[in-house]
Amino acid sequence: QVQLVESGGGLVQAGGSLRLSCAASGRTFSTSAMGWFRQAPGKEREFVAAVNWRDLSTYYTDSVKGRFTISRVNTRNTLYLQMNSLKPEETAVYYCAARPLGAASTNRREYDYWGQGTQVTVSS
């Protein structure tokens, strides 16, 4: 069993930055692919970024490339998402997700564990 707790959300002006954190419990973090997803009101949950556990390779949705950075610190059981140059349309609840022993994926259905989410609001 893996428990995930996100933090770091808040209100920021367009062009600003936030760093989200996801603290994981249990022993499987270091061997889990980890991902960030977001869900805006009335929309489906969408992929943002993911990182593999084996080679630390990273993946991003096109719209955030060059602005967001996903990273992980296995010794702290923590996943991060650094978000720069935020846009109002990126207002959403951001979720972290874990896929033990699996590869990073853009498909939310391939992740086994989810956090409760943290709200990010970007004002114009």
Side-chain angles (χ1 to χ4, degrees):
Q1 193 79 328
V2 177
Q3 291 187 326
L4 304 172
V5 179
E6 303 94 336
S7 61
L11 174 64
V12 64
Q13 289 188 333
S17 298
L18 283 175
R19 187 176 81 155
L20 305 184
S21 299
C22 173
S25 67
R27 298 184 177 181
T28 60
F29 179 82
S30 62
T31 54
S32 295
M34 299 296 298
W36 286 101
F37 291 76
R38 63 189 177 192
Q39 188 168 17
K43 295 187 176 181
E44 290 192 352
R45 194 169 299 187
E46 64 174 3
F47 170 75
V48 177
V51 56
N52 271 313
W53 63 272
R54 193 183 295 274
D55 61 3
L56 303 184
S57 53
T58 57
Y59 305 88
Y60 298 92
T61 192
D62 286 346
S63 64
V64 308
K65 287 179 181 177
R67 298 186 298 116
F68 289 15
T69 303
I70 187 171
S71 61
R72 63 191 298 163
V73 179
N74 287 341
T75 55
R76 297 179 183 175
N77 276 12
T78 304
L79 177 74
Y80 300 99
L81 184 68
Q82 177 66 43
M83 306 186 295
N84 299 328
S85 302
L86 282 159
K87 304 175 181 179
E89 56 264 37
E90 294 177 316
T91 293
V93 178
Y94 283 69
Y95 298 89
C96 68
R99 187 185 186 197
L101 298 177
S105 172
T106 62
N107 186 346
R108 67 182 186 272
R109 295 177 178 83
E110 294 186 348
Y111 289 83
D112 302 297
Y113 301 99
W114 292 84
Q116 292 300 305
T118 185
Q119 176 70 47
V120 171
T121 303
V122 185
S123 64
S124 56

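Fair warning: this is a prediction, and the values are worked out from it, not measured in the lab.
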Within the side chain of [X], is there an N or O that forms a donor-acceptor pair under 3.5 Å with the backbone of [Y]?
X: Ser25; Y: Gln3; value: yes
X: Asn52; Y: Ala104; value: yes
X: Arg99; Y: Ala33; value: no

Which heavy atom of [X] sits nearest to which heavy atom of [Y], and what is that distance?
X: Glu90; Y: Ser63; answer: OE2-O, 4.5 Å
X: Ser85; Y: Ser17; answer: N-OG, 4.3 Å
X: Thr78; Y: Tyr80; answer: CG2-CZ, 3.4 Å
X: Asp112; Y: Pro100; answer: OD2-CD, 3.4 Å

Would you give the length of the straight line joining atom [atom1] of [X] to atom [atom2] of [Y], rounded to the nearest 0.5 angstrom?
X: Arg54; Y: Ser30; atom1: CZ; atom2: OG; value: 11.5 Å
X: Lys87; Y: Ser124; atom1: NZ; atom2: OG; value: 14.0 Å
X: Arg72; Y: Thr58; atom1: CZ; atom2: OG1; value: 11.5 Å
X: Arg19; Y: Ser7; atom1: CZ; atom2: OG; value: 9.0 Å

> For Leu81, what are the other residues in its hydrophobic cluster, where any two members join if their side-chain heavy atoms are less than 4.5 angstrom apart?
Replying inline: Val2, Leu4, Val12, Leu18, Leu20, Phe29, Met34, Trp36, Val48, Val51, Tyr60, Val64, Phe68, Ile70, Leu79, Met83, Leu86, Tyr94, Tyr113, Val120, Val122

> Remaining members of Tyr59's ILVMFWY cluster at a side-chain heavy-atom cut-off under 4.5 Å?
Replying inline: Phe37, Phe47, Val93, Tyr95, Tyr111, Trp114

>> Quick check: do Arg108 and Gln39 have side-chain heavy atoms less than 4.5 Å from each other?
In response: no

> Is the closest side-chain heavy-atom distance between Thr91 and Gln119 below 4.5 Å?
Replying inline: yes

>> Glu6: which residues meet the salt bridge (charged side-chain N to carboxylate O under 4.0 Å, His left out) condition with it, sequence neighbours left out?
In response: none

>> Under 3.5 Å, is there a donor on one side chain and an acceptor on the other for Asn107 and Ser105?
In response: no

